[in-house]
Amino acid sequence: MRIDIISAVPDIMKSPLQESIMKRAQDKKVVEIHFHNLRDYGKGNYRQIDDTQYGGGAGMVMMVEPIDKCISQLQSERVYDEVIYMTPDGDTLNQKTCNHLSLKENIIILCGHYKGVDQRVRDLFVTREISIGDYVLSGGELGACVLVDAIVRLLPGVLNDETSALYDSFQDNLLAPPVYTKPEEYKGIKVPEILLSGNFPKIEEWRHEMSIKHTQEKRPDLFNE
Ligand code: ADE
């Protein structure tokens, strides 16, 4: 998979996407992540990428031309399955969307900044708009990191234990069961007996029951999806 991220401040994303599991995924060539600085496509000597709003109002708007140049350049090099715009008024990200996007070959992620992008960027290029939650960030970069992390960890060969992503919370619309490691008892709280039993079918049954119980208690809305 190849992911191209377009941003006015790409450095924000470098540490989150170049460490730990994201680093391993790239080292193993499971994914290529490329950052593009919009300034490189800016207008004139000042490399301008934003301007004041037509109709008045506070805040700058990202201009269509630099974004067009960057996206068109990328699209002349390969076919993209999706051009995703990170924005608080997009569809709220969930596991189903991550699963779906993890099957794509090439995607572009565009990060908004300031007041957002000129509407014509959305009309002309964007195939999907994603929000990471009902709150406003100062730019789409942190949202892009969340999206990329959630997609890349699903790609085959990224997680050590191939099956572990299958047991994540939200796969099957259930929250994950509780997990324990050593010691067997800590401050009076014991690891549930069943986990020490070695009876793996029973353990699986218990985990499934706990998943259902947790979901009922914390996120009953997931049963209606
Ligand atoms: N940009 C600003 N706020 C955002 C959000 N909640 N999700 C995605 N991108 C954003």
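Just so you know, ligand 1 is whichever comes first in the structure, and atom 1 is the first atom listed for that ligand. Hydrogens, waters and symmetry mates play no part in the numbers below; they use all other heavy atoms, side chains included.
A donor atom on one side chain and an acceptor atom on the other are found under 3.5 Å apart for Tyr80 and Asp4.
The single protein non-hydrogen atom nearest to atom 3 (N) of ligand 1 is Leu137 N, 3.0 Å, given as residue, atom name and distance. Looking from atom 6 (N) of ligand 1 to the surrounding protein, the closest heavy atom is Tyr135 O, 2.8 Å. The nearest heavy-atom contact from the protein to atom 7 (N) of ligand 1 is Ile132 N, 2.9 Å. Of all protein heavy atoms, the one closest to atom 9 (N) of ligand 1 is Thr87 N, 3.3 Å. Counting protein heavy atoms only, atom 10 (C) of ligand 1 is closest to Pro88 CD, 3.6 Å.
At a 3.5 angstrom cut-off on N or O pairs, Gly143 does not count as close to ligand 1.
Under a 3.5 Å cut-off, the side chain of Thr127 and the backbone N or O of Val83 do form a donor-acceptor pair. Judged by distance alone, the side chain of Asp172 and the main-chain N or O of Leu174 form no donor-acceptor pair under 3.5 Å.
Under 4.0 Å from ligand 1, the heavy atoms of Ile130 that appear belong solely to its backbone.
Remark: Glu217 engages Lys213 in a salt bridge, criterion side-chain N to carboxylate O under 4.0 Å. Between Asp11 and Lys14 there is a salt bridge, with a side-chain nitrogen of the basic residue lying less than 4.0 Å from a carboxylate oxygen of the acidic one.
Proximity to Gly133 (heavy-atom distance under 4.0 Å) selects the following atoms of ligand 1: 6 (N). Atoms of ligand 1 lying under 4.0 Å from any heavy atom of Gly139, numbered from 1 in the order shown and given with element: 1 (N), 2 (C).
Residue pairs meeting the side chain to side chain donor-acceptor pair (under 3.5 Å) criterion with at least one member in residues 46-62, sequence neighbours excluded, are Gln48-Asp51.
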